[in-house]
Amino acid sequence: MSDHPTDFVGSIDDAISSSIKAKLPDATVEVSGGGGHYRISVVSTAFAGKNTLESHRLVLGAIKHLINCDRPPVHAVDSLITKTP
């Protein structure tokens, strides 16, 4: 893990999880990592009928504000797993 400077205050894991659940209310979300690098696993019915790219776009779109801001708390999503229940 690298040292990733950020001005974010609070739990980054919780911010990632709550942002995904706001977009995908039925989602079960697991987040691990640190230093700006995170691994995310999401299970949701919203992925039914979607290919991997479409599912990943849903998740990354939900957390884009944590990736694309000034001194972002999330530097990289090293692993993203999306599944249906």
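Just so it is clear, the values below take in all heavy atoms, side chains as well, and ignore hydrogens, waters and symmetry mates.
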### Task
Could I get the full list of side-chain contact (heavy atoms from CB on, under 4.5 Å) partners for S32, not counting sequence neighbours?
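S32: side-chain contact (heavy atoms from CB on, under 4.5 Å) contacts with R39.
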
### Query
For S18, which residues count as a side-chain contact (heavy atoms from CB on, under 4.5 Å) partner, sequence neighbours excluded?
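Per chain and number, S18 pairs via side-chain contact (heavy atoms from CB on, under 4.5 Å) with no residue.
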
### Task
Please name the pair of heavy atoms, one in S55 and one in T82, separated by the smallest distance, quoted to 0.1 Å.
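The answer is CB-OG1, 3.4 Å.
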
### Contact list for residues 6-22, test salt bridge (Lys or Arg N to Asp or Glu O under 4.0 Å), sequence neighbours left out
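Applying salt bridge (Lys or Arg N to Asp or Glu O under 4.0 Å) to every pair that reaches into residues 6-22, excluding sequence neighbours, yields D7-R71.
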
Exercise answer: donor-acceptor pairs, residues 56-70 side-chain atoms, under 3.5 Å, sequence neighbours excluded:
residue	atom	partner	partner atom	Å
H56	NE2	L80	O	3.2
H65	NE2	S19	OG	3.3

### Separation between OG1 of T84 and CZ of F47, rounded to the nearest 0.5 Å
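Rounded to the nearest 0.5 Å, the OG1-CZ separation comes to 9.0 Å.
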
### Message
Using 0.5 Å steps for rounding, measure from the OH atom of Y38 to the CD1 atom of I12.
### Response
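Separation between the atoms: 3.5 Å.
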
### Message
If hydrophobic clusters are built by linking Ile, Leu, Val, Met, Phe, Trp and Tyr wherever their side-chain heavy atoms come under 4.5 Å apart, do F8 and V77 end up in the same one?
### Response
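Shared cluster, yes.
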
### Message
Could you tell me if the side chain of V42 sits less than 4.5 Å from the side chain of I20, heavy atoms only?
### Response
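A side-chain contact exists here, since the closest heavy-atom pair is under 4.5 Å.
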
#### Entry: Atom CD of E54: over 12 foreign heavy atoms under 6.0 Å
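Result for CD/E54: enclosed.
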
### Message
Applying side-chain hydrogen bond (donor to acceptor under 3.5 Å, both in side chains) as the test, list every pair that has at least one member in residues 43-52; sequence neighbours left out.
### Response
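Of all non-adjacent pairs touching residues 43-52, those that pass side-chain hydrogen bond (donor to acceptor under 3.5 Å, both in side chains) are D26-S44, D26-T45.
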
